[in-house]
S.K.: 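My structure is below; once you've seen it, I'll send some questions.
Every chain is numbered from 1, with letters handed out A, B, ... down the list of sequences.
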Amino acid sequence: MTLAHEAITWYDANARDLPWRQPDSTPWGVLVSEVMLQQTPVVRVEPAWRSWMTRWPEPAALAEDPPSEAIRMWGRLGYPRRAMRLHACAVAIVERHGGRVPSDLDELLALPGVGTYTGRAVATFAYGQRHPVVDTNVRRVVCRAVEGKPDAGPATTTADLVAMEALLPPDAPTAARASIAFMELGAIVCTARSPKCVDCPFHDVCAWRLTGLPLPEGPSRKPQRYAGTDRQVRGLLLEVLRHTSGPVPRQRLDMVWQDEVQRARALAGLVEDGLIETLGADDFVLAGDAPQGEIQTL
DNA sequence: AAGGCGTGGAA
DNA sequence: TTTCCAAGCCT
């Protein structure tokens, strides 16, 4: 019994019932879920995914609405640039692929917001192709079970793909199930902080467990702060824009953050990223909400 | 190729 | 309270 087959057997009995995994889910639904799941937990994605798919059941529907609507629908999932890119992705799918999510990996990777993980996930989970699919869960499971290390280091794309490739069964449908099974295992059993080894199908063969669950060696890299950063200020600014339909005067935005320098920097950043647009000298709107011909540049 | 980029919940 | 983490992407 290989690791892949052990994982698949475990997955068949323990997988969560998520809407984008239903038999009737579309490649578009899979793509939307993958983008939403980039750095956002499943529990917060699920209701947002349902709303999104109800409103925009296919790429063409989203492409017809302005980016501002995507940003509003994104709500508080975080990293709203993803909403922008998903909108741009829908436009590209309409323009380049006749409104159908492409199945070719290189065409997927060429879409905005679709990187190594997401492209392979869509090709594999939506189209049943055989590709290694490596996310943070897979990296953790493989490095523990195979290498015996407590935590995966920084992502090293090529090496990670090669390592997973070696574990994949030869036929595509089984390989796809193996990938989703490894991911699920990392998500609910082989978790970062409190792995539930008693529930793990790799219990008896896991190199990490067999060597006594050694702790991480050096000091962990310190996570990025959030409070007081430009990111927080951007979030506050965007929160105002999201809940306003018309132009928002600069004066209103001035209220969200004391530090004028930082506030201006955050605002300029949002414009730079294309999330918002300036209207005249002192009004702002979400991207795409400006009346024709009234967009000003800084 | 490190670091920027949101948000909320669990420990 | 603070820290850490959650199916990354882009530059």
S.K.: Got A:Leu253 and A:Arg263 here, is their nearest side-chain heavy-atom distance under 4.5 Å?
M.R.: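 The answer is no, as the side chains (C-beta and beyond) never meet within the 4.5 Å cut-off.
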S.K.: Using a 4.0 Å heavy-atom cut-off, does A:Gly115 contact any base of the nucleic acid, only the sugar-phosphate backbone, or nothing at all?
M.R.: sugar-phosphate
S.K.: Tell me the interatomic distance from A:Arg81, atom CZ, to B:dT7, atom P, rounded to whole angstroms.
M.R.: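 Taking atom P of B:dT7 as the reference, CZ of A:Arg81 is at 12 Å.
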S.K.: To the side chain of A:Trp20, which of C:dA7, B:dG8, B:dG4 is closest?
M.R.: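 Among C:dA7, B:dG8, B:dG4, the one nearest the side chain of A:Trp20 is C:dA7.
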S.K.: Mark yes or no for a side-chain to base donor-acceptor pair under 3.5 Å between A:Thr40 and B:dG6, with no hydrogen or angle criteria applied.
M.R.: yes
S.K.: On DNA chain C, does the nearest nucleotide to A:Asp151 precede the nearest nucleotide to A:Gly113 from the 5' side, or the other way round? Give the residue.
M.R.: A:Asp151
S.K.: Looking for any heavy atom pair under 4.0 Å, which part of the strands does A:Ala192 touch: base, sugar-phosphate only, or nothing?
M.R.: sugar-phosphate
S.K.: Using the side-chain heavy atoms of A:Glu34, tell me which of these nucleotides is nearest: C:dA7, C:dA6, C:dC10.
M.R.: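 From the listed options, C:dA7 comes nearest.
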S.K.: NA contact type, A:Ala187, heavy-atom cut-off 4.0 Å: base, sugar-phosphate, or nothing?
M.R.: sugar-phosphate
S.K.: Where each residue is assigned the nucleotide of DNA chain C containing its nearest heavy atom, which of A:Thr191 and A:Gly119 is assigned the position nearer the 5′ end?
M.R.: A:Thr191
S.K.: How close or far is atom P of B:dG8 from atom CD of A:Gln232, stated in whole angstroms?
M.R.: 11 Å
S.K.: Report the residue (A:Gln39 or A:Val43) whose heavy-atom-nearest nucleotide on DNA chain B is the more 5′ of the two.
M.R.: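 Residue closer to the 5' terminus by nearest nucleotide: A:Gln39.
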S.K.: Using whole Å, what does the distance between atom P of nucleotide C:dA7 and atom CD of A:Glu184 come to?
M.R.: 10 Å
S.K.: Quick one: the side chain of A:Arg231 and the base of B:dG4, do they pair up donor-acceptor inside 3.5 Å?
M.R.: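 Side chain to base: no pair present.
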S.K.: What nucleic acid atoms does A:Arg44 come within less than 4.0 Å of, heavy atoms only: base, sugar-phosphate, or nothing?
M.R.: base
S.K.: Let me know, please, whether A:Ser194 or A:Pro41 comes out on the 5' side of the other along DNA chain B by nearest nucleotide.
M.R.: A:Pro41
S.K.: Is there a donor and acceptor pair closer than 3.5 Å between the side chain of A:Arg193 and the base of C:dC4?
M.R.: yes
S.K.: A:Arg265 near the nucleic acid: base, sugar-phosphate alone, or nothing, with a heavy-atom cut-off under 4.0 Å?
M.R.: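 No contact at all - A:Arg265 keeps every heavy atom at 4.0 Å or more from the nucleic acid.
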S.K.: Could you state the atom-to-atom distance from CZ of A:Arg139 to P of C:dC5 in whole Å?
M.R.: 12 Å
S.K.: Please report, rounded to the nearest Å, how far the P atom of C:dA6 is from the CE atom of A:Met183.
M.R.: 12 Å
S.K.: Tell me: OH of A:Tyr226 to P of B:dG6, nearest whole Å?
M.R.: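 Nearest whole value for this atom pair: 8 Å.
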S.K.: For A:Ile276 and B:dC5, give me the distance from atom CD1 to atom C1', rounded to whole Å.
M.R.: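 Rounded to whole Å, this separation is 15 Å.
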S.K.: Hey, can you tell me if A:Phe202 and A:Phe182 have their rings parallel, tilted or perpendicular (30° and 60° cut-offs)?
M.R.: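 Rings of A:Phe202 and A:Phe182: tilted, 30 to 60°.
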